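Notes to accompany the following structure.
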Amino acid sequence: MPNGQWYPPEWPVRIRALAAGEITAMTPRRAATVMLLRDDPGGPAVHMLRRRASMAFAAGAYAYPGGGVDPRDDDRTVGWAGPGRDVWARRLGVDATSAQAIVCAAVRETYEEAGVLLAGETAETVVGDTTGDDWEADRDALAGHELSFADFLNRRGLVLRSDLLGAWARWITPEFEPRRYDTWFFVAALPPGQRTRNTSTEADRTVWIRPAEATAAYDRGELLMMPPTVATLRQLQSYGTADEALVGSDGRDLTPVLATARMEGEELVLSWPGHEEFTKRVEQRPGEQQQSQSPSPSPRQSQSQSQSQSQSPSPSPRQSQSPSPSPSQGQGQGHSPSGGPR
């Protein structure tokens, strides 16, 4: 039975075109995504979003809240609590300026797409309620890039709580993809008093689901996900509480995972180093070599092609039809939007 791995049908064409020098690899955009956890009776549950069917990238796939770095977060003075920028720079493998921007992206995107804010008035407090017209106006302004995250925090007298985040993994979109992201995955616990809301324009559904249940549904082909999402869900299964996962993040390897492709005769082999379960073997389709000479499909074409496959994406959520969530899953629905790296 096929699983729910997202697999765009144009990948073989693009891989061969890249190898032939017909297309150039795009520079990946920095991004961050957060695995937001809460403790349920049966163990930790993670907050996930399903990307709308209209999305050009990973339509219908389930993913975590996340998105691209706002360049304004590189050099603005941001209210900050917890490990300093230099500490985060060493952990993330970047310079201090980039570290600030990546951590800001993780916190900002979680607020934009899930309504959860990892910030407080002091280094020991966390905002208890982010609902209300004034909060929603600020959230909309952030999402619309009308307001920088630094200005948002300063206006409200808040400091970013970097100690509430744990760096978990780093995945880079394959070189043959037209839209690429260098994405840092973080883990965080849902702060007391706050609740998730579907506040993303890119998602049509949100769920709270235990990692083991999510991967089991993926294995049955019922939930669509990209390799990074599945890999991180499997890694979360060994933790009994959200706090345990946060503590466990300290020792995790952040070596970037980047897919590679090679030809074995007429068969294309796509693999993710260290993650053998995602290896894909694709035989050359009739007329495929001729197609590689034509332009890459437009986002709209790619979307419709992807939806015709039984398999579909990785770090980004959404599927036009999926099983009804278990009781623990359904509690996160009906709030207001949610999505993943754009």
Side-chain angles (χ1 to χ4, degrees), residues 30-38 47 64-168 184-197 199-200 242-243 245-247 249-250 254 338:
R30 298 172 300 169
T33 189
V34 177
M35 301 179 289
L36 191 63
L37 304 177
R38 75 177 185 192
H47 180 69
Y64 315 115
V69 164
D70 183 342
R72 293 177 296 181
D73 292 335
D74 283 273
D75 53 11
R76 299 290 180 95
T77 300
V78 177
W80 193 278
R85 296 159 182 76
D86 290 342
V87 175
W88 277 106
R90 291 191 293 272
R91 182 72 180 109
L92 301 179
V94 297
D95 58 66
T97 296
S98 295
Q100 171 177 292
I102 293 164
V103 172
C104 281
V107 176
R108 175 176 44 78
E109 290 289 336
T110 303
Y111 178 53
E112 287 183 17
E113 301 197 333
V116 171
L117 182 59
L118 304 176
E121 294 181 356
T122 69
E124 291 79 33
T125 61
V126 186
V127 172
D129 184 6
T130 61
T131 61
D133 292 343
D134 59 333
W135 284 101
E136 194 61 21
D138 279 351
R139 195 199 61 75
D140 285 342
L142 284 169
H145 302 286
E146 301 166 6
L147 177 67
S148 74
F149 193 55
D151 289 341
F152 164 71
L153 293 176
N154 292 337
R155 175 192 299 176
R156 289 189 169 271
L158 300 175
V159 293
L160 179 154
R161 289 287 305 277
S162 75
D163 55 315
L164 299 182
L165 286 170
W168 193 269
W184 282 262
F185 285 70
F186 295 85
V187 64
L190 179 67
Q194 294 195 40
R195 58 177 296 182
T196 56
R197 297 178 292 125
T199 52
S200 171
D243 283 344
L246 189 59
V247 172
S249 68
D250 288 343
L254 296 187
S338 222

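In this text the structure is predicted, and so the values were computed from the model without any measurement. Numbering starts at 1 and runs along the sequence shown.
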Between [X] and [Y], is any pair of side-chain heavy atoms under 4.5 Å apart?
X	Y	value
R197	E136	yes
R108	D70	yes
V126	L118	no
F186	L92	yes
F149	N154	no
P65	L36	no

Original post:
Would V159 and T122 satisfy side-chain contact (heavy atoms from CB on, under 4.5 Å), going step by step from the backbone distance to the final call?
Top reply: CA-CA 7 Å; V159 293; T122 69; 5.8 Å; no
Which atom of [X] lies closest to which atom of [Y], heavy atoms considered:
X	Y	result
A119	L158	CB-CB, 4.4 Å
A189	A242	CB-CB, 4.0 Å
E146	R72	C-NH1, 4.4 Å
V34	A106	CG2-O, 3.5 Å

If you round to the nearest 0.5 Å, how far is [atom2] of [Y] from [atom1] of [X]?
X	Y	atom1	atom2	value
L37	Y64	CG	OH	9.0 Å
L142	E112	CG	CD	5.5 Å
T110	H47	OG1	NE2	9.0 Å
W88	S98	CH2	OG	14.5 Å
E121	L153	CD	CG	12.0 Å

Original post:
More than 12 foreign heavy atoms under 6.0 Å from CG of D133: is that the case here?
Top reply: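 No.
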**OP:** Test side-chain contact (heavy atoms from CB on, under 4.5 Å) on L254 and F185 and set out the steps.
**Re:** CA-CA 9 Å; L254 296 187; F185 285 70; over 6 Å; no
Is it true that a side-chain atom of [X] and a backbone atom of [Y] form a donor plus acceptor pair closer than 3.5 Å?
X	Y	result
Q100	D73	yes
S249	L246	yes
Q194	L117	yes
E113	G66	yes
S162	A81	yes
R76	A150	no
T125	G120	no
D151	L147	no
T130	G115	yes

Original post:
Can we say D95 and R85 salt-bridge, meaning some charged N sits less than 4.0 Å from an Asp/Glu carboxylate O?
Top reply: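 Not counted as a salt bridge, because no side-chain N and carboxylate O are separated by less than 4.0 Å.
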Original post:
What's the verdict on salt bridge (charged side-chain N to carboxylate O under 4.0 Å, His left out) for R139 and D134, showing C-alpha distance, side-chain angles and the deciding distance?
Top reply: CA-CA 9 Å; R139 195 199 61 75; D134 59 333; over 6 Å; no
**OP:** Report the C-alpha separation of V78 and C104 in whole Å, then their side-chain angles, then the decisive distance to 0.1 Å, and conclude whether the side-chain contact (heavy atoms from CB on, under 4.5 Å) test is met.
**Re:** CA-CA 9 Å; V78 177; C104 281; 3.9 Å; yes
**OP:** Test side-chain contact (heavy atoms from CB on, under 4.5 Å) on L165 and V103 and set out the steps.
**Re:** CA-CA 8 Å; L165 286 170; V103 172; 3.9 Å; yes
**OP:** Test F152 against Y111 for ring-ring contact (aromatic ring centres under 6.0 Å, His included), laying out the working first.
**Re:** CA-CA 12 Å; F152 164 71; Y111 178 53; 5.4 Å; yes
Original post:
Cationic tip of R91 within the cone over W184's six-membered ring, i.e. under 6.0 Å and within 45° of the normal?
Top reply: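 R91 over W184 ring: no.
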